Amino acid sequence: MLSNRFLFGSYYRIMDSGPFHFNDCLKMRYERKLGPLETMYHVYYTRGVDIYAQMATLLCESPVRKEEVSEAMVCLLKRHPMLRMTIKETGEEYPDFKFVEMNPVKLDIQVSPSADKEALLHEESCKSFSLKEGPLWRLTIVADKASAGARRGLKRHEFSFVFCFHHSLADGIYLRTLFADFIEYLDMVQRKTINSSSVKEIELLPAIESLLPLLNPNRRLVSLDCNNEDSSRAIDALQAYEAHFSDEIAQLRNQQQSTKSIRSHLQSNNSRIFLLQCKQNNVTVTGACIAASCIAFGQLIRSSISSDVRVLLIPVEIMVNMRRYTQKDSMYQAYPGVAAVHLPLTVKLPLLENLQEHFWYLAKQCTDDINNMLISGYPLEYMSTEVAQEINSLPQTGKSPYVLCITNMSTVDGIVKPKQRSRFQLKEFPAMTQIGIDDMPIFYVGILTMAQELHLDIGHCQRYTSQTTAARFSWNVFSTLLNFSNL
């Protein structure tokens, strides 16, 4: 039975004002100002970016009905207060916003007839939210997959859905928790072992910044100065790319804004060997994928770079989970909200060497540079200064100098908890985030491990980079990883 505190809409995004609502005079219980990181992501949202769409495809023991999804989502909203929030201006000086709980609390659950999952992901990532009324998320079900599977006599029913959310509510780490809890609640709803009215509501935690330690004045300092190369022998990646692809960029300018993703994965045996090779070379998967991406980028443009240029400087942004710096309490380690920040890293790609032979050296260098920054506490310093500057700065025109943005979601198998694995199996987990031109990377590289296979997601803006160029880059990354996944 659905709790009477919740108002859920029809399955075509019209908010029904039917019986499921609570007293409109009820005082809002949860309200607080957005922290700096949450504010930064909201400012990005107001500029038309940072809506994140994540799809999951499950193979289920029983077909999934819309009513069961609604009941599971009511349970989820009770346990995750961020999903009950709207964002409103405080009335103070911009940018100053606050989270305010929806009144009444609403669900936005839709059904899409689209059989094209990539098209649906793109469509969902382009839709906005009602900031003042909420919700700042929506769940879109791909219609009739389960019953179609049953009609074909399959043992499992396929259930696909897209969870789309405002980035001030959640990051990729928290997203995994939301998916895991939703599947657990869906399982209990189907087995009739839970009633949403019995689920206790959790209160909203403070912003992540209040849970982080103060900077230690005696901390190790990390130098990020990468300009010690002879300027006549080094070239910046964005400059080199735009010179190499100037005609392509000019031709694509009039195209409609659209993001495209190219997805690939290493088979389980290759993935196993690659992970083993990483371990033997004292390299993280993130470090190896940064190296592969930089080598792939260099291969795209190397032919047009002057022979006397020795180094290609490739600025990269990596996503860092700030939960690592919180208290040891497990509640904070699993902080429910946004706690990931873009951290800058410049990779020096030597152009006069065989790039493939240079792979493990470069991967080790990337791994060591990242580890040194994390140990030094540099991300804390970055949050305390750069986030505020980003909030108050005007958006830059043209591509960001950070030509690559690399995110490692690590393993996602835990989205289906052990107790649910006899009834649910994760089949697919693709994502989509909008990539424009202004102040955005050329390529987004998403990494995750699922069912012991390494998956790659290469995203690009189709008004700036052609499908052919993106496919070459994607293949260069994949083939580099594949070359080092063979004994």
Side-chain angles (χ1 to χ4, degrees), residues 55 117-118 121 172 237 241 244-245 259-281 283-303 312 314 316-319 347 349 353-364 366-367 403-413 427-433 435 441-462 464-487:
M55 175 177 281
K117 294 178 180 178
E118 287 295 330
L121 267 173
Y241 183 95
H244 186 89
F245 290 107
T259 299
K260 183 76 173 180
S261 286
I262 300 174
R263 308 184 197 279
S264 59
H265 69 278
L266 295 178
Q267 298 292 336
S268 57
N269 188 54
N270 294 113
S271 297
R272 180 184 61 80
I273 295 172
F274 175 71
L275 295 176
L276 178 62
Q277 298 266 38
C278 286
K279 185 175 181 179
Q280 291 175 345
N281 285 277
V283 164
T284 62
V285 172
T286 299
C289 289
I290 292 173
S293 300
C294 289
I295 289 172
F297 193 91
Q299 289 171 328
L300 276 185
I301 59 178
R302 189 175 189 177
S303 63
L312 179 64
I314 306 180
V316 175
E317 283 186 329
I318 58 173
M319 294 300 292
V347 178
L349 187 69
E353 301 184 34
N354 183 308
L355 296 182
Q356 292 289 335
E357 292 180 359
H358 201 67
F359 174 75
W360 286 118
Y361 172 81
L362 192 64
K364 184 67 166 65
C366 293
T367 298
V403 294
L404 302 176
C405 179
I406 298 177
T407 301
N408 185 1
M409 286 192 72
S410 190
T411 180
V412 298
D413 292 323
K427 179 183 177 184
E428 298 170 335
F429 201 66
M432 176 75 73
T433 186
I435 303 173
I442 297 176
F443 296 111
Y444 164 84
V445 182
I447 311 156
L448 62 84
T449 303
M450 183 176 70
Q452 299 181 328
E453 293 184 342
L454 186 68
H455 289 248
L456 295 173
D457 170 11
I458 310 293
H460 68 282
C461 173
Q462 293 188 296
Y464 185 87
T465 302
S466 71
Q467 182 73 3
T468 300
T469 298
R472 283 176 53 203
F473 174 76
S474 179
W475 171 250
N476 288 346
V477 177
F478 178 80
S479 60
T480 297
L481 296 177
L482 188 63
N483 286 342
F484 294 96
S485 64
N486 296 305
L487 293 176

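A quick note: this is a predicted structure, and the numbers were derived from the prediction, not measured. The residues of the chain are indexed from 1 along the displayed sequence.
Within 6.0 Å of the CD atom in Gln452, the count of heavy atoms belonging to other residues, nucleotides or ligands does not exceed 12.
Between Cys278 and Trp360 there is a side-chain heavy-atom pair separated by less than 4.5 Å. Residues Phe478 and Leu266 meet the side-chain proximity criterion, which asks for heavy atoms closer than 4.5 Å. Inter-residue side-chain proximity for Gln462 and His460 is flagged as met; some heavy-atom pair is nearer than 4.5 Å. A heavy-atom distance below 4.5 Å is found between the side chains of Glu118 and Met432. Val347 places none of its side-chain heavy atoms less than 4.5 Å from the side chain of Leu404. Inter-residue side-chain proximity for Ile301 and Phe245 is flagged as met; some heavy-atom pair is nearer than 4.5 Å. Ile295 has its side chain out of reach of Asn476: every pair of non-hydrogen atoms, C-beta onward, lies at least 4.5 Å apart. Side chains of Val403 and Tyr241 form no contact here, defined as non-hydrogen atoms less than 4.5 Å apart.
Of all the heavy atoms in Cys294 and Leu349, the pair that sits closest is O-CD2, 3.4 Å. For the residue pair Ile442 and Thr465, the shortest heavy atom distance occurs at CG2-OG1, 3.8 Å. Between Ser474 and Ile458, the closest heavy-atom pair is OG-CG1, 3.7 Å. Among all heavy-atom pairs drawn from Ser261 and Gly459, the shortest one is OG-CA, 4.1 Å. Between Phe359 and Ala292, the shortest heavy-atom distance links the atoms CE1-N, 3.8 Å. Between Thr284 and Thr367, the closest heavy-atom pair is N-OG1, 3.2 Å.
His455 and His265 have parallel rings, their planes meeting at less than 30° on a 0 to 90° scale where 60° marks the start of perpendicular. Note on ring orientation: taking the six-membered ring where Trp is involved, the planes of Phe443 and Phe297 are perpendicular (angle over 60°, cut-offs 30° and 60°).
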### Task
Could you please spell out the steps behind the side chain to side chain contact (heavy atoms under 4.5 Å, CB included) verdict for Val283 and Gln277?
CA-CA 8 Å; Val283 164; Gln277 298 266 38; over 6 Å; no
### Query
Would Leu454 and Val285 satisfy side chain to side chain contact (heavy atoms under 4.5 Å, CB included), going step by step from the backbone distance to the final call?
CA-CA 10 Å; Leu454 186 68; Val285 172; 4.2 Å; yes
### Query
Between Leu300 and Arg472, does a side chain to side chain contact (heavy atoms under 4.5 Å, CB included) hold up when you go through it step by step?
CA-CA 7 Å; Leu300 276 185; Arg472 283 176 53 203; 3.8 Å; yes
### Query
After noting the C-alpha distance and the side-chain angles of Thr433 and Thr259, does the key distance pass the side chain to side chain contact (heavy atoms under 4.5 Å, CB included) rule?
CA-CA 8 Å; Thr433 186; Thr259 299; over 6 Å; no
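The CZ atom of Phe473 sits 10.0 Å away from atom CD1 of Ile262, with the distance rounded to the nearest 0.5 Å. To the nearest 0.5 angstrom, Met409 atom CE is 11.0 Å from Met319 atom CE. Atom CD of Gln267 sits about 9.5 Å away from atom CG of Leu482, to the nearest 0.5 Å. Note that the CG atom of Asn269 and the CZ atom of Arg272 stand 5.0 Å from one another [nearest 0.5 Å]. With rounding to the nearest 0.5 Å, the separation of CD1 in Ile318 from OG1 in Thr407 is 9.5 Å. Summarising the geometry, atom CG belonging to Asp413 is positioned 8.0 Å from atom OG1 belonging to Thr449; distances are rounded to the nearest 0.5 Å.
Of the possible donor and acceptor atoms, one in the side chain of Ser293 sits under 3.5 Å from a partner among the backbone N and O of Cys289. No donor-acceptor distance shorter than 3.5 angstrom exists from the side chain of Asp457 to the backbone of Arg263, with no hydrogens or angles considered.
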